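Here is how names work: the chains are called A, B, and so on, in the same order as the sequence lines, proteins then strands, and each is numbered from 1. Treat the numbers as computed from the prediction; the structure is a model and nothing was measured.
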2 protein chains.
Amino acid sequence: MPVYSISHVENVRVCVVMVGLPARGKSLIAQKIVRYLSWLSINSKCFNVGNYRRQLAGTEDINAAFFDSNNAEGLKYRREAIDNAVTDMMKWFSDENGVVGILDATNSTRERRDRILKLCRENLIEPMFLESFCDDDELILQNILDVKTTSPDYVDKDNEFATQDFLQRIKFYEEIYETMDQATDSDLTFIKLVNVNSQIILNRIESYLESRIVYYVMNLHIKPRCIWLSRHGESEYNLTGQIGGDSNLSDRGMRYAKKLPDLVLKSLGEENKHTNLTVWTSTLKRTQQTASFLPYKKKLQWKALDELDAGECDGMTYEEIENKFPEDFKARDDDKYEYRYKGGESYRDIVIRLEPIIMELERQENILIITHQAVLRCLYAYFMNVPQEESPWMSIPLHTLIKLEPRAYSTLVSRIKADIPAVSTYKEKGTSQLGEASGPNISKSRDLIKDSDVV
Amino acid sequence: MPVYSISHVENVRVCVVMVGLPARGKSLIAQKIVRYLSWLSINSKCFNVGNYRRQLAGTEDINAAFFDSNNAEGLKYRREAIDNAVTDMMKWFSDENGVVGILDATNSTRERRDRILKLCRENLIEPMFLESFCDDDELILQNILDVKTTSPDYVDKDNEFATQDFLQRIKFYEEIYETMDQATDSDLTFIKLVNVNSQIILNRIESYLESRIVYYVMNLHIKPRCIWLSRHGESEYNLTGQIGGDSNLSDRGMRYAKKLPDLVLKSLGEENKHTNLTVWTSTLKRTQQTASFLPYKKKLQWKALDELDAGECDGMTYEEIENKFPEDFKARDDDKYEYRYKGGESYRDIVIRLEPIIMELERQENILIITHQAVLRCLYAYFMNVPQEESPWMSIPLHTLIKLEPRAYSTLVSRIKADIPAVSTYKEKGTSQLGEASGPNISKSRDLIKDSDVV
């Protein structure tokens, strides 16, 4: 029988229709929503109309003139692009049990939005418009810089040309743009974000899913920051191969704790060495001991960061579990994400209890989290978009500091190794022996990873 | 060392300044926020200016004319009332470590709001305005009916007089009322609710606490509904006095499960017997077995409704715990809310994991929850505003269905006993023996309770 979490209460499908001029951060918001919902096991997908248009018309001959509403050929391509995107999205809802589809396009006019609205209603999908409105020139310029350097439309094009061309493109859209309006659009479900959350207008937000999306979007910010993740130092239980428990650090683990302040400084670089971090740990001794030499004043303990509860298997080695509960041992290997220890937790359970932590992380700036293998896997999976079937098998070695730098469309990862030996706590599928990982590793994920020198 | 939950991240104090004409549901919203935040251990208090005014001017001579802005004496009393309320609130912030103070008054004019704003800023308190705006006549009339029957201003007064007088009072306020405005008030932190959440405007919501209050308020609705709470039927572990585990129902527990559909029907009454409920259980067998004869289609399992995790003491009797861990046994008796079992949970931990359940309950309509003693205590404490030091000691007997009917300013409780014997699982402070409760009992709480006949 399925276990319901906060994400499964209703039987609602939502189409999030992005609205906004170019360079208003629409794609960024859309992608973050998809990543967040997917992490919560809500089947979500983004349909980017720009990509459809590029498939149809290429990028060679694309310049601002293409987006002039008097350009008949451009208009033809752009209509075809959105039609194809919408058709694919509807197919995805029906054939692949889609729950939240995001239509990422400018959707600038009421006429266009009405057509999507009608189509959604015909297909029993709740339309929710999400407008990013911005009249702060500095924010727009920042966004243009981001888009220029990341948009496939401007690959290999001259920098100055790209800026001017993009400004002209925005102008063409401005000519026809109709913002969402509390009076005219009062019958619609919509969120209007004004200048990155300085003002938010919510209209007819009704379903639970919609309210979750609203709350998530409300908590996003765009200030640059980093997040550091580390497992606790090697513990006494690690030495004996036991799982769970609340043991102290081993001597080597304590050496890692003492070195951690240096690793953090190194990751900050000379110019940022005075950056003030907040340190989050679990309630277990091994994470607090690991944090004990860090010079930062603000240290918070979170029960939600405690290690996966192994229930009846707490304190056992994998070998003991395999001998005592062979069927459970196999069942866990077969579906590690869903398997729940007797009287304990599954990876899915961890994700549910981590959800408020993720929300808080989105709100905060520089945070260093010292936690445990399974919890760190789940946090990492959120930031790096690692699928559920992979995340419980990722190898996250001891005595390694991971630094995440969220950027507009990707997250940079660096790993700083402490050069302090530690046992491996990695268990490969099909064995109860611990050893080096040959399976998926965090270094295999889809974003840039740079390995720092060993410090 | 304190364990941080989602509620303790920042060091921010917030003054929620209610804004709105009479009969806009301000007091209801204010009281719900206080109840919610207090349940999350956030020190919150509501300062109702009407109560201060009644203390100064009594209720005898109060009629609409008192609220005419040309009535100098009325004005004097009303100014004094708000000054006293604000003074008390500031004193409470500084002397009693207040975190969220709510100033419940109409605060109709910008001039009045500016004065409060200034005072908050001088005291390093974040002012957040919360306007309830309503121009839906039907909603207003409904609210007037509520106020008329509950306001201390109209006790013992003629019904028709009360309605007319109240309408006149609203008119006087309308003459001077200035609604919050996205342009004029763009520098302020505010939430504007339009016609009970059909539209919400959020402006400069920045701190975490503010965003939690927003999310909570967003999820409130005013449709009438009921919530039913029941413990699982007597379990095999209950018979042996063991705590935790995942045992089956006893024979008597199974009889309760079979009778439960009748108890629910009886509580619905003849006219509502076709009401459709949603049933929530924990993931443990005893709650699912208890739900198994209920005819309702929608049954959801929530891990968050599982019983308090007793960690190393799981499966033991209180006597065994007292013998094996005498210090822990005593520590738990001394502070049952904060005490965390080794490797397990405290009542505080349960509240944190129940928070999303409460949020979801606020959104939903008719829900029947079958859960466990400690979890039910925490849920009940939320609805009935039971303080932390009492809630872990409440007696909530087996084989009893509890029905909660949230009303504007109180919650009606009825208990329907099944007349199927069961052991007592109540442990009095200072003993390891189970027996009838002599301590605080749910029947002692501050709202109306009616005991139904035994069915």
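Heavy atoms of N203(B) lying under 4.5 Å from chain A belong to its backbone as well as its side chain. Contact of V194(B) with chain A is not made at all, since no heavy-atom distance falls under 4.5 Å. Residue D309(B) touches chain A through its side chain alone, counting heavy-atom pairs closer than 4.5 Å. Of the two parts of N219(B), only the side chain, counted from C-beta on, holds a non-hydrogen atom closer than 4.5 Å to a non-hydrogen atom of chain A. Using a 4.5 Å cut-off between heavy atoms, E312(B) does not touch chain A at all. For chain A, the nearby parts of R204(B) are the backbone and the side chain; heavy atoms of each come within less than 4.5 Å.
Atoms CE and CE, from M218(B) and M218(A) in turn, are 7.0 Å apart once rounded to the nearest 0.5 Å. Here D306(A) contributes atom CG and D349(B) contributes atom CG; the two are 8.5 Å apart, rounded to the nearest 0.5 Å. Expressed to the nearest 0.5 Å, how far OG of S198(B) lies from CD of E206(A) amounts to 8.5 Å.
Residues R363(A) and Y208(B) approach most closely at NH2-N, 2.9 Å, considering heavy atoms. Minimum interatomic distance between Y215(A) and R212(B) (heavy atoms only, all atoms of both residues): OH-NH1, 3.1 Å.
Interface remark: of the candidates Q182(B), M359(B), R353(B), H221(B), Q182(B) forms the most heavy-atom pairs closer than 4.5 Å to chain A. Ranked by non-hydrogen atom pairs under 4.5 Å with chain B, the options I205(A), T189(A), L202(A), T281(A) are led by L202(A). Between chain A and the residues D314(B), I200(B), V214(B), the largest count of heavy-atom pairs under 4.5 Å involves I200(B).
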Hey, mind stepping through K303(B) and I352(A) against side-chain contact (heavy atoms from CB on, under 4.5 Å) and telling me if it holds?
CA-CA 9 Å; K303(B) 178 86 177 157; I352(A) 295 166; 5.8 Å; no
